Amino acid sequence: MNLKSVLLLFALIFYIILCSRYYVCDIKNLCPESDSSIHEQSFPLRFFKNSHAYVLGNFDIYSDSIIQLSKFNNIEIVGYYSSDEVNHSEYENLGLARANVLKQLLINRGLDSNKISVFSHSQQLEFTDSLSIATMVDKAVELDLNSEAVQIVTHHGISEVYFPSNSDSEIKSEVLESFLNELVQTSIGKKIKLVGHTDNLGDEESNQILSLNRTHTVRDRLIKLGIPEDKIECEGKGSSAPKVNNSTPENRSLNRRVEVIIL
């Protein structure tokens with residue numbers, strides 16, 4: 001092996017180590033934080049309080065590691081926000097605004113938009129000099145595209161009920177039944193919000209009705225299990241708020257869902 005090959009090999013190994021560290025420490029948050037101030041400075045993206053304005057750190061290596069991850073997996077971007085923050089963005093909450101900022105930054109660096117899902121989640125954020133780490137990236141959930149049954153996914157503090165195409169009444173599922181029973185036990189005295197979505201097949205008026213009917217399917221089962229009707233709020237958004245674009249059958253399956261939110 002000549003000198004040039006050796007140098008290239010060492011450069012490749014060093015690059016892999018850097019990418020691995022970003023994935024394990026900054027994406028998965030699995031590394032011990034011996035110095036939190038150093039960790040804050042090294043994180044590639046932080047957001048100002050009450051805003052989705054941001055400060056970039058060492059973003060290039062971070063984005064490269066995400067793009068490498070996306071070659072074999074779809075990815076999910078979760079934006080976090082505190083309940084006491086003031087939202088001046090065009091989005092429903094600052095979590096979604098922050099997630100979409102990161103999404104666009106990654107697209108600008110070559111990430112395929114078809115592989116990205118965005119979420120938001122409320123949690124207490126710690127701000128240092130008005131800045132906080134408020135986004136996280138992980139591998140996306142995978143659905144059985146050949147399944148004709150309802151599928152349940154719980155991740156990032158969010159539970160979602162996924163429906164087969166053009167279906168709003170399929171509830172003969174042990175998985176769904178178990179999920180709803182557990183939901184009843186864990187939400188006693190709380191309100192539950194059900195938000196229905198569809199893919200973009202069909203006209204929007206039909207999709208609006210379909211998305212609302214999907215929430216009613218879940219609502220009716222919850223009422224039978226003992227949740228008072230006045231504790232359940234239903235909203236249908238049709239195809240107006242897709243989690244991912246509708247360019248592929250897999251993406252469309254990810255948009256046919258009911259979000260279950262405990263208030």
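Count residues from 1 along the sequence. All figures in this text were calculated on a predicted structure; none of them were measured in a lab.
In this structure, the separation between CE on Met136 and CG on Leu45 is 14.0 Å, given to the nearest 0.5 Å. The distance from the CG atom of Leu183 to the OG atom of Ser178 is 11.0 Å, given to the nearest 0.5 Å. Rounded to the nearest 0.5 angstrom, Tyr54 OH and Leu102 CG are separated by 10.0 Å. To the nearest 0.5 Å, the span separating CD1 on Ile77 from OG on Ser120 amounts to 13.0 Å. Rounded to the nearest 0.5 Å, atoms CZ (Arg46) and OG1 (Thr135) are 11.5 Å apart. Note: Asp199 CG to Arg257 CZ = 11.0 Å, rounded to the nearest 0.5 Å.
Side-chain contact between Phe179 and Val161 is present, with at least one heavy-atom pair separated by less than 4.5 Å. Using a 4.5 Å heavy-atom threshold, the side chains of Ile116 and Val244 count as separate. Side-chain atoms of Glu235 and Thr215, non-hydrogen and from C-beta on, never get closer than 4.5 Å to each other. The shortest side-chain heavy-atom distance between Asn251 and Asn246 does not fall under the 4.5 Å cut-off. Looking at Leu222 and Val184, their side chains come closer than 4.5 Å, going by heavy atoms from C-beta outward. No side-chain heavy atom of Ile152 sits less than 4.5 Å from a side-chain heavy atom of Ser159. At least one side-chain heavy atom of Ile227 sits less than 4.5 Å from a side-chain heavy atom of Ser187. The shortest distance between side-chain heavy atoms of Ser132 and Lys49 does not fall below 4.5 Å.
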Exercise for review: Any chance you could lay out the side-chain hydrogen bond (donor to acceptor under 3.5 Å, both in side chains) test for Asn108 and Gln104, step after step, and finish with the verdict?
Suggested key: CA-CA 6 Å; Asn108 291 345; Gln104 192 56 55; 2.9 Å; yes
Check your understanding: Can Leu106 and Phe59 be said to form a side chain to side chain contact (heavy atoms under 4.5 Å, CB included), step by step?
Key -> CA-CA 10 Å; Leu106 291 170; Phe59 193 77; 4.1 Å; yes
**Study point:** Derivation of the side chain to side chain contact (heavy atoms under 4.5 Å, CB included) call for Val153 and Gln151
**Key:** CA-CA 7 Å; Val153 174; Gln151 298 180 64; 5.6 Å; no
**Study point:** Chi angles and distances behind the salt bridge (Lys or Arg N to Asp or Glu O under 4.0 Å) call for Arg109, Asp64
**Key:** CA-CA 8 Å; Arg109 283 163 171 76; Asp64 285 347; over 6 Å; no
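Within a 6.0 Å radius of CG in Asp129, other residues, nucleotides and ligands contribute 12 heavy atoms or fewer.
Ile261 and Leu94 are not part of a single hydrophobic cluster, where members link through side-chain heavy atoms under 4.5 Å apart. Hydrophobic clustering places Phe119 together with Leu125 (ILVMFWY residues linked when any side-chain heavy atoms are closer than 4.5 Å, directly or through intermediates). In the hydrophobic clustering of ILVMFWY residues, with side-chain heavy atoms under 4.5 Å counting as a link, Tyr81 and Phe127 come out apart. Ile223 and Leu212 fall into different hydrophobic clusters, defined by Ile, Leu, Val, Met, Phe, Trp and Tyr side-chain heavy atoms under 4.5 Å apart, directly or through other members. The hydrophobic cluster containing Leu111 also contains Tyr62, counting ILVMFWY residues as joined when their side-chain heavy atoms lie under 4.5 angstrom apart, directly or transitively.
Looking only at distances, no side-chain donor or acceptor of Ser51 sits under 3.5 Å from a matching main-chain atom of Phe47. Remark: the backbone N or O of Tyr91 is paired with a side-chain donor or acceptor of Ser89 at under 3.5 angstrom. Proximity of a side-chain donor or acceptor of Asn73 to a complementary backbone N or O of Ile75 within less than 3.5 Å is not detected. When atom types are taken as modelled, the side chain of Asn207 and the backbone of Leu201 share a donor-acceptor pair closer than 3.5 angstrom. The closest donor-acceptor contact from the side chain of Ser239 to the backbone of Asn200 lies at 3.5 Å or more, if one exists at all.
Note on residues 89-108: pairs passing salt bridge (Lys or Arg N to Asp or Glu O under 4.0 Å), not counting sequence neighbours, are Glu85-Arg98, Glu92-Lys237. Judged as a salt bridge (Lys or Arg N to Asp or Glu O under 4.0 Å), not a single pair has a partner in residues 112-123 (not counting sequence neighbours).
Considering only residues two or more places apart in sequence or on other chains, His197 meets the side-chain hydrogen bond (donor to acceptor under 3.5 Å, both in side chains) condition with Glu259. Partners of Asp230 by side-chain hydrogen bond (donor to acceptor under 3.5 Å, both in side chains), not counting sequence neighbours: none found. Under the side-chain hydrogen bond (donor to acceptor under 3.5 Å, both in side chains) criterion, Asp203 pairs with Ser206, sequence neighbours left out. The side chain to side chain contact (heavy atoms under 4.5 Å, CB included) search around Ser130 returns Phe48, not counting sequence neighbours.
Closest heavy-atom contact between Ala99 and Gly79: CB-N, 3.7 Å.
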